[in-house]
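Sequence lines set the chain letters: A, B, ... in the order given, protein chains first and strands last, and positions in each chain run from 1.
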Amino acid sequence: MLKVYNTLTRKKEEFVPQEPGKVGMYVCGVTPYNYPHIGNARPFVTWDVIKRYLRNRGFEVKHIQNFTDMDDKIIKAANTEGVSWETITERYIEGYFKSIDALNVQRADLYPKVTEHIPDIINMVQRIIDNGFGYVIDGDVYFSVEKFPEYGKLSGRKLEDMQAGARVEVDSRKHNPMDFALWKSAKPGEPFWESPWGKGRPGWHIECSTMSLKYLGETFDFHGGGSDLIFPHHENEIAQSQCCCGDYKSFAQYWLHNGFITIDNEKMSKSLNNFITVPDILKQYPGEVVRFFILRTHYRSPLDFSEERIKEAQAGLLRLKNAFELGNEILEKAGNTEKDTQLEEIAEKAMADFYEAMDDDFNTALAIGFMFTLSKEINTYANNVINKGTDFDAVHFGKLMQVYKDMAAVIGIFESSLEMPEADDGEGISPEEIEALIAERAEAKKNKNWGRADEIRDSLKAQGIILEDSAAGTKWKKA
RNA sequence: GGUGACAUCGCCAAGUGGUAAGGCCAAGGUCUGCAAAACCUUUAUUCCCCAGUUCGAAUCUGGGUGUCACCUCCA
């Protein structure tokens with residue numbers, strides 16, 4: 001039974017889809033005005049695993065993720081550089097895709113953009129006004145929070161408490177300081193669209209309400225993003241959507257929010273300027289390592305970033321991958337057909353443990369722990385076969401490896417090389433040359449010419465090639 | 001000021017009432033010509049502090065301390 005922690009109710013709940021066997025999920029995407037930093041990457045890796053797991057369990061998943069490609073920050077960036085806003089958004093949308101591809105994040109089913117949904121947004125704003133929840137002032141349209149009795153239910157705040165703490169200069173035209181813009185009138189020189197209220201553009205929040213409604217319907221299963229979106233973004237989305245559709249039970253049923261990535265225990269954010277971008281970290285570590293680093297911690301916990309911890313993740317991932325390769329190696333051997341019931345038990349137990357962990361609010365940290373346990377079993381078994389030439393149950397070992405592979409597919413690892421991209425630039429030594437040197441070294445070893453053998457090994461190591469001897473011969477890999 | 005989260009081995013981290021998973025690092029051992037990889041062993045009678053509930057608490061309650069976050073753009 002899958003349980004998820006729902007921010008709306010503040011507890012773990014059994015997941016019951018709106019439609020049996022199907023899942024609709026809307027994940028808040030990025031505002032493309034900059035390259036994503038690793039804090040931005042966390043929700044995308046997290047939701048990627050959620051999606052992979054749900055699909056693994058047989059759900060048909062529809063995943064929608066927006067681009068908020070019209071916003072103050074985009075206009076500002078365009079003005080600063082003296083280019084059009086389209087230049088900015090195109091550049092960073094491309095940057096976004098490059099980043100998540102490197103992190104092995106599978107693409108969403110659709111990436112709707114605000115600027116391609118202006119008529120839908122205008123229509124929704126009009127419906128909200130018609131229902132009595134919105135009001136127009138000088139070309140701006142505001143949502144009246146006092147009209148919505150459930151305002152604050154997601155973030156657990158009371159309107160009164162928030163008013164007490166409000167400290168930005170309040171637009172005195174607003175009925176309530178917490179009222180937020182559905183539609184903003186255009187200032188001179190700003191991009192705009194024609195609307196019933198004059199030239200303007202959508203406010204922040206409305207795009208997610210509109211596009212989730214359009215592609216997932218009035219009621220769908222999951223909505224998520226980083227914890228900082230709980231208020232005001234998601235709170236406002238709820239208000240807009242429910243007041244548009246006139247049913248306080250509609251909209252997303254399960255709200256999942258990931259914790260922050262911190263640096264020196266402080267939130268990584270663009271405004272604090274203490275962030276590390278995904279493109280930058282990818283210059284030093286393979287995407288899969290960054291991904292693994294994120295998934296080693298439960299998605300709701302804070303995660304502190306440091307060089308040391310990413311190195312730890314790298315060491316751990318390498319361990320898992322070594323077992324994967326070792327296991328695959330003996331699968332190439334014939335084996336026998338004698339049934340090894342112990343192998344079968346190990347495989348079943350591992351799968352059950354893994355599912356149990358993932359069923360508990362997508363506990364990847366625990367699930368990965370079970371992968372380590374299984375990797376030990378694989379190493380022990382495979383080493384025994386290789387070193388002692390023992391006969392083995394190929395069928396059941398194959399099944400065990402399949403379990404390991406299935407786990408890896410949910411976590412999204414072993415799917416790309418752990419080598420750094422630049423190592424593949426055609427520079428350096430070719431595989432043929434390496435093989436030739438290994439052959440020469442084998443000959444030297446045969447003649448007990450240890451000096452030459454070690455010389456070859458050291459020289460390859462200096463070029464980033466690691467040799468591993470075993471009874472079955474010598475393997476090589478890049479460091 | 002309001003609201004919420006968190007505090008578990010040197011480091012990271014799982015664990016929400018039944019007697020502390022796992023990873024990294026370290027030490028010793030096995031294997032190896034030597035390495036590497038792998039495997040074995042060792043490493044928290046203890047979970048920030050105090051009090052309480054309970055047969056039993058890291059897990060529940062109350063209080064304290066510390067850290068972080070949201071209330072303003074933020075994943």
Listed nucleotide nearest any side-chain atom of A/N322, set B/G4, B/A37, B/U3
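Within the option list, the nearest is B/A37.
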
Choosing from B/A75, B/C12, B/U3, which nucleotide comes nearest the side chain of A/N258?
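Of B/A75, B/C12, B/U3, B/A75 is nearest to the side chain of A/N258.
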
With distance as the sole test, does [X] use its side chain to make a donor-acceptor pair with the main-chain N or O of [Y] at under 3.5 Å?
| X | Y | result |
| --- | --- | --- |
| A/D140 | A/S185 | yes |
| A/R300 | A/L256 | no |
| A/K174 | A/D179 | yes |
| A/E235 | A/S155 | yes |

[M] and [N], which share atom name [atom1], separated by this distance in whole Å:
| N | M | atom1 | result |
| --- | --- | --- | --- |
| B/G10 | B/U43 | C1' | 10 Å |
| B/G23 | B/A14 | C1' | 11 Å |
| B/G17 | B/G4 | P | 22 Å |
| B/U67 | B/C48 | C1' | 11 Å |
| B/G22 | B/U42 | P | 12 Å |
| B/A57 | B/G66 | P | 28 Å |
| B/G28 | B/A20 | C1' | 25 Å |
| B/G15 | B/G1 | P | 33 Å |

Should A/D101 and A/R107 be marked as a salt bridge (Lys or Arg N to Asp or Glu O under 4.0 Å) after you check the CA-CA gap, both sets of side-chain angles, and the distance that decides it?
CA-CA 8 Å; A/D101 285 350; A/R107 298 282 177 107; 2.8 Å; yes

Go through the structure and list residues passing side chain to side chain contact (heavy atoms under 4.5 Å, CB included) with A/T210, not counting sequence neighbours.
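Applying side chain to side chain contact (heavy atoms under 4.5 Å, CB included) to A/T210 gives A/D120, A/I121, A/M124, A/I206.
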
Please report the distance, rounded to the nearest Å, between [atom1] in [X] and [atom2] in [N].
| X | N | atom1 | atom2 | value |
| --- | --- | --- | --- | --- |
| A/D161 | B/C70 | CG | C1' | 13 Å |
| A/E443 | B/G33 | CD | C1' | 16 Å |
| A/I261 | B/A69 | CD1 | P | 15 Å |
| A/D458 | B/C34 | CG | C1' | 10 Å |
| A/I456 | B/C34 | CD1 | P | 19 Å |
| A/F260 | B/A5 | CZ | P | 14 Å |
| A/Y151 | B/C71 | OH | P | 11 Å |
| A/D353 | B/G15 | CG | C1' | 14 Å |

What nucleic acid atoms does [X] come within less than 4.0 Å of, heavy atoms only: base, sugar-phosphate, or nothing?
| X | answer |
| --- | --- |
| A/R157 | base |
| A/S470 | nothing |
| A/M268 | base |
| A/N40 | base |
| A/R441 | base |
| A/H257 | nothing |
| A/K73 | sugar-phosphate |
| A/S271 | base |
| A/T380 | sugar-phosphate |

Which comes earlier along RNA chain B counting from the 5' end, the contact point of A/E377 or that of A/L272, where each point is its nearest nucleotide?
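Going by which nucleotide is closer to the 5' end, it is A/E377.
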
First encountered from the 5' end of RNA chain B, between A/A453 and A/Y5
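With A/Y5 and A/A453 compared, the 5'-side residue is A/Y5.
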
Secondary structure string for RNA chain B (Watson-Crick or G-U under 3.5 angstrom, | for other-strand pairs)
((((((((.[[[..)..(...]]].(((((.......))))).....[[[[[..)....]]]]])))))))....

Indicate yes or no: does A/E377 engage A/K349 in a salt bridge with an N to O separation below 4.0 Å.
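Answer for the salt bridge query: no.
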
Test: A/E443 and A/R452 ion pair at under 4.0 Å:
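A/R452 and A/E443: not salt-bridged.
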
Ignoring hydrogens and angles, does a donor from either the side chain of A/D454 or the base of B/G33 sit under 3.5 Å from an acceptor on the other?
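Yes.
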
Quick check, are the ring centers of [X] and [Y] under 6.0 angstrom apart?
| X | Y | value |
| --- | --- | --- |
| A/F293 | A/F305 | yes |
| A/F275 | A/Y35 | no |
| A/F220 | A/F251 | yes |

For B/A75, does either OP1 or OP2 sit under 4.0 Å from a side-chain N or O belonging to A/K270?
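Yes, within the criterion.
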
Distance below 4.0 Å between A/N379 side-chain N/O and B/C39 OP1 or OP2
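Answer yes for this pair, as a side-chain N or O of A/N379 is under 4.0 Å from OP1 or OP2.
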
Please step through ring-ring contact (aromatic ring centres under 6.0 Å, His included) for the pair A/W255 and A/H234, ending with a clear verdict.
CA-CA 9 Å; A/W255 291 82; A/H234 288 159; 4.9 Å; yes

B/S/- contact track for nucleotides 17-32 of chain B, protein heavy atom under 4.0 Å
----BSBS--------

Specify the residues of residues 225-233 of chain A, ordered by number, for which at least one heavy atom lies under 4.0 angstrom from an atom of RNA chain B.
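Heavy-atom cutoff 4.0 Å gives A/G225, A/G226, A/D228, A/L229, A/F231.
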
Sequence neighbours left out, what passes side-chain hydrogen bond (donor to acceptor under 3.5 Å, both in side chains) with A/E307? Give chain and number order.
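Expected list: A/Y285.
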
Please check if atom CG in A/D458 has more than 12 non-hydrogen atoms from other residues, nucleotides or ligands closer than 6.0 Å.
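Atom CG in A/D458 is crowded, with more than 12 foreign heavy atoms closer than 6.0 Å.
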
Kindly state each residue pair satisfying side-chain hydrogen bond (donor to acceptor under 3.5 Å, both in side chains) with at least one member in residues 316-326 of chain A, sequence neighbours excluded.
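Non-adjacent pairs meeting side-chain hydrogen bond (donor to acceptor under 3.5 Å, both in side chains): A/N322-A/K477.
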
